[in-house]
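Every chain is numbered from 1, with letters handed out A, B, ... down the list of sequences.
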Number of protein chains: 2
Amino acid sequence: MSLLESRGTDPAPIFAALGDPTRLSLLTRLSDGQSRSIASLSADTQLTRQAVTKHLHVLENAGLVKSSRTGRESRFAFQPEAVAEAKAYLDSVSRQWDDALSRLRALVER
Amino acid sequence: MSLLESRGTDPAPIFAALGDPTRLSLLTRLSDGQSRSIASLSADTQLTRQAVTKHLHVLENAGLVKSSRTGRESRFAFQPEAVAEAKAYLDSVSRQWDDALSRLRALVER
DNA sequence: TCATGATGCAACCTCCTGGTTGCCTTTTAA
DNA sequence: TTAAAAGGCAACCAGGAGGTTGCATCATGA
């Protein structure tokens, strides 16, 4: 079983969602734990509300954020699990790298 | 200074590079510390050598990998710094989330 | 009940991305 | 010295991503 398949789901969609500065900014703002409406999130940006809405849906599909409709507004909230998943992948990569270095060092110092 | 600007460079390009399953697979294979030629990396994939070459250059531009020409082949090697940078961003996001939870808990338990 | 605020839906546009094919150049091993 | 291996370069193509505009819908406060 390869490193990529060894963990739960494929982290690529999560990274793809993180790979846009606008979305990264939205996620950063939401990571303070406060849920926000679309209008609120669109307020201090140059983009259209529709553009922000699309980005929020991308984040939601990646599991980085969760939406819930309350009354006339729909609020978005940060979802920490997906971030943990991305971190887990990066950790597995650096761990494999560190192990390779250790083995090389052991081989040289023998 | 916002959370996004507080660290060195913008992590978005790194995440964008990681956001493709083919590139993720290439990076995973290279994270064992062994440098590989383009032909070697193209061997057990369905894609064309040119497609793999493009992906490798995307990884290189994101700083995730480094190339060096030796003789008639150019070899690509894993570069751990960019991965560390991506992890640093994810850590800052989860830290902000954890802090928000702590403050909320303190407020409730008061 | 009615004007306003907050969204949703859909069409449309442009540009980038992931891939391919074809061809030329540089190395290398026999 | 020459054929095959390894790559680089460029053109080309289809589809998706990021954005916009226009209009319809639902909720709410006066």
May I ask you to decide if [Y]'s main-chain N or O and [X]'s side chain share a donor-acceptor pair within less than 3.5 Å?
X       : Y       : answer
A/Thr48 : A/Ala51 : no
B/Thr53 : B/Arg49 : yes
A/Arg23 : A/Ala17 : yes
B/Arg36 : B/Gln34 : yes

Output the single nucleotide from [options] whose closest atom is nearest the side chain of [X].
X       : options               : answer
B/Thr48 : D/dG7, C/dT21, D/dG19 : C/dT21
B/Ala51 : D/dG7, C/dG8, C/dG19  : C/dG19
A/Arg23 : D/dG18, D/dA6, C/dT20 : D/dG18

Between A/Arg69 and A/Arg72, the residue closer to the 5' end of DNA chain C by nearest nucleotide is A/Arg72

Transitive ILVMFWY side-chain link A/Val58 to B/Leu24, under 4.5 Å
no

Walking DNA chain D from its 5' end, the first of A/Gln46 and A/Thr70 to be reached, judged by nearest nucleotide, is A/Gln46

When the distance from [atom1] of [X] to [atom2] of [N] is rounded to whole Å, what number comes out?
X       : N      : atom1 : atom2 : value
B/Leu56 : C/dG18 : CG    : P     : 13 Å
A/Phe76 : C/dG8  : CZ    : P     : 7 Å
B/Leu41 : D/dG7  : CG    : P     : 9 Å
B/Leu24 : C/dG18 : CG    : C1'   : 16 Å
A/Glu73 : D/dT28 : CD    : P     : 9 Å
B/Leu59 : C/dT17 : CG    : C1'   : 14 Å
B/Ile38 : C/dT26 : CD1   : P     : 17 Å
B/Leu26 : C/dG19 : CG    : C1'   : 14 Å

The helix from C/dT1-D/dA30 to C/dA30-D/dT1: angle between terminal helix axes, five bp per end, to the nearest 10 degrees, reads 30°

- Task: Would you please confirm or rule out a distance under 4.0 Å between OP1 or OP2 of D/dG19 and any side-chain N or O of A/His55?
- Result: yes

(request) Report yes if at least one side-chain N or O of A/Thr22 is closer than 4.0 Å to OP1 or OP2 of D/dG18; otherwise report no. (result) no

Interface polar pairs with nucleotides 9-16 of chain C, N/O, under 3.5 angstrom:
{"from": "C/dC9", "atom 1": "N4", "to": "A/Gln50", "atom 2": "OE1", "distance (Å)": "3.2"}
{"from": "C/dC9", "atom 1": "N4", "to": "A/Gln50", "atom 2": "NE2", "distance (Å)": "2.6"}

Residue pair B/Leu18 / A/Leu90, side-chain heavy-atom distance below 4.5 Å
yes

May I ask you to test the A/His55-A/Leu47 pair for a side-chain heavy-atom distance under 4.5 Å? yes

Note to self: Does the plane of the ring in A/Tyr89 sit parallel, tilted or perpendicular to the ring in A/Phe15? Use 30° and 60° as the thresholds.
What the structure shows: perpendicular

B/His57 vs B/Phe76 aromatic rings, parallel, tilted or perpendicular, using cut-offs 30° and 60°? perpendicular

Review point. For atom NZ of B/Lys66, is the number of surrounding heavy atoms from other residues, nucleotides or ligands below 6.0 Å larger than 12?
Key: no

